[in-house]
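See below for the structure under consideration.
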Number of protein chains: 2
Amino acid sequence: MTAITASEEIVLEQPCPIRDVLDRIGDQWSLLILEALAPGTLRFNALMREIGDISKQMLSRTLKQLEQDGFVTRTLYPEVPPRVEYTLTPLGRSFLEPMQQLVAWADAHHRTIVAARLQYQASQT
Amino acid sequence: MTAITASEEIVLEQPCPIRDVLDRIGDQWSLLILEALAPGTLRFNALMREIGDISKQMLSRTLKQLEQDGFVTRTLYPEVPPRVEYTLTPLGRSFLEPMQQLVAWADAHHRTIVAARLQYQASQT
DNA sequence: AATAAACGGTCTAAAATGTAGACCTTGGGG
DNA sequence: CCCCAAGGTCTACATTTTAGACCGTTTATT
């Protein structure tokens, strides 16, 4: 029996729908995980290797949130050793489109941003 | 004279351009700030009021990063009390388009996500 | 036979990050 | 003389993230 945490209480009743959604996607790892799952189903450790520098705990936690919000499904095959597969839901796949736009923008403007950083550094003498 | 921090060293040489960009906008506040600036120039305190629940420090820090990366300009009018205006650059405005797509998606699918959360809770007995 | 590795996690301690709120500056109004 | 304004910075505290040990079971290696 665990205590009720704040995060469990905010399931309902977020004042601003956009904030509500962006707060979930706009963390360190969610976008990366969704991008990794875009090509298809992956297992837990495969996902870890794919992303490279995420800790088990954060992968586990973020996947749980994504599952909770309906972006991915978690399927446990009770073999031994256990196999767990993560797959995008239709909702998750529908999110891919705006996300890919974002990724495309990032790719297209990366050089501009790097240039801005250099110029900023120079301006700071 | 300040010590050289890690954050100052990563100005160059990010292995993955997409990660590089997403790591900057995929934090708690950047998207919210850019959205707040979308309609036009705002002063520091106006921005604070607009966002509502951001601390001064995080607003200051995030604005500095956005300025560094070329998304916004900071204009200081040396009056007293000082006036500081933040405005989107062309780069920042160009980012608005993919971001609005994301916002539109969030708005459109918010109900589905809330429903998923409820169903998840129910499934957890 | 003992050892190690793989799977998908959880747990804990320590490090990093975020928050709230005091404080700073400079000039004007009461 | 004291306080207020704006746009921050600084400090102490709270929360979040990380690194890494550990778990239980089975197969592979030595």
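We name chains A, B, ... by the order of the sequence lines, and we start the count at 1 in each one. Values below: all heavy atoms of this structure, side chains included; hydrogens, waters and symmetry mates excluded.
The shortest distance between the side-chain N/O atoms of Trp29(B) and the OP1/OP2 oxygens of dT19(C) is below 4.0 Å. Checking the phosphate oxygens (OP1, OP2) of dG8(C), no side-chain nitrogen or oxygen of Ser60(A) falls inside 4.0 Å.
Ion pairing between Asp20(A) and Arg117(B) holds under the 4.0 Å rule for side-chain N and carboxylate O. Under the 4.0 Å criterion applied to side-chain N and carboxylate O atoms, Asp53(B) and Arg19(A) are assigned as salt-bridge partners.
A distance of 13.0 Å separates CD in Glu97(A) from CG in Leu102(A), rounded to the nearest 0.5 Å. Going from atom CE of Met99(B) over to atom CD of Glu35(B) covers 4.5 Å, rounded to the nearest 0.5 Å. To the nearest 0.5 angstrom, Ile25(B) atom CD1 is 9.0 Å from Leu31(A) atom CG.
Met58(A) has its CE atom 17 Å from the C1' atom of dG8(C), to the nearest Å. Rounded to an integer number of Å, the gap from CG of Asp27(B) to P of dT16(D) is 16 Å. As a whole-Å value, the separation of Leu59(A) CG from dA19(D) C1' is 15 Å. For the pair Arg61(A) CZ and dT10(C) P, the interatomic distance rounds to 10 Å; values are reported in whole Å.
Thr89(B) approaches Val72(B) most closely through the heavy-atom pair CG2-C, 3.7 Å.
Of all the residues in residues 38-57 of chain A, Ser55(A), Gln57(A) reach under 4.0 Å from DNA chain D with at least one non-hydrogen atom. A heavy atom lying under 4.0 Å from DNA chain C marks the following residues of residues 71-80 of chain B, by number: Val80(B).
Dense packing is recorded around CD of Gln100(A), with more than 12 heavy atoms of other residues, nucleotides or ligands lying under 6.0 Å away.
No chain of hydrophobic side-chain contacts below 4.5 Å, direct or via other Ile, Leu, Val, Met, Phe, Trp or Tyr residues, connects Tyr77(B) to Phe44(B).
Where the helix from dA1(C)-dT30(D) to dG30(C)-dC1(D) starts and where it ends, the local axes point in directions that differ by 40°; five pairs per end, rounded to 10°.
Classified by interplanar angle (parallel below 30°, tilted 30° to 60°, perpendicular above 60°), the ring pair Phe95(B)/Phe71(B) is perpendicular.
Between the side chain of His109(A) and the backbone N or O of Trp105(A), at least one donor-acceptor pair lies under 3.5 Å. Judged by distance alone, the side chain of Ser60(A) and the main-chain N or O of Lys56(A) form no donor-acceptor pair under 3.5 Å.
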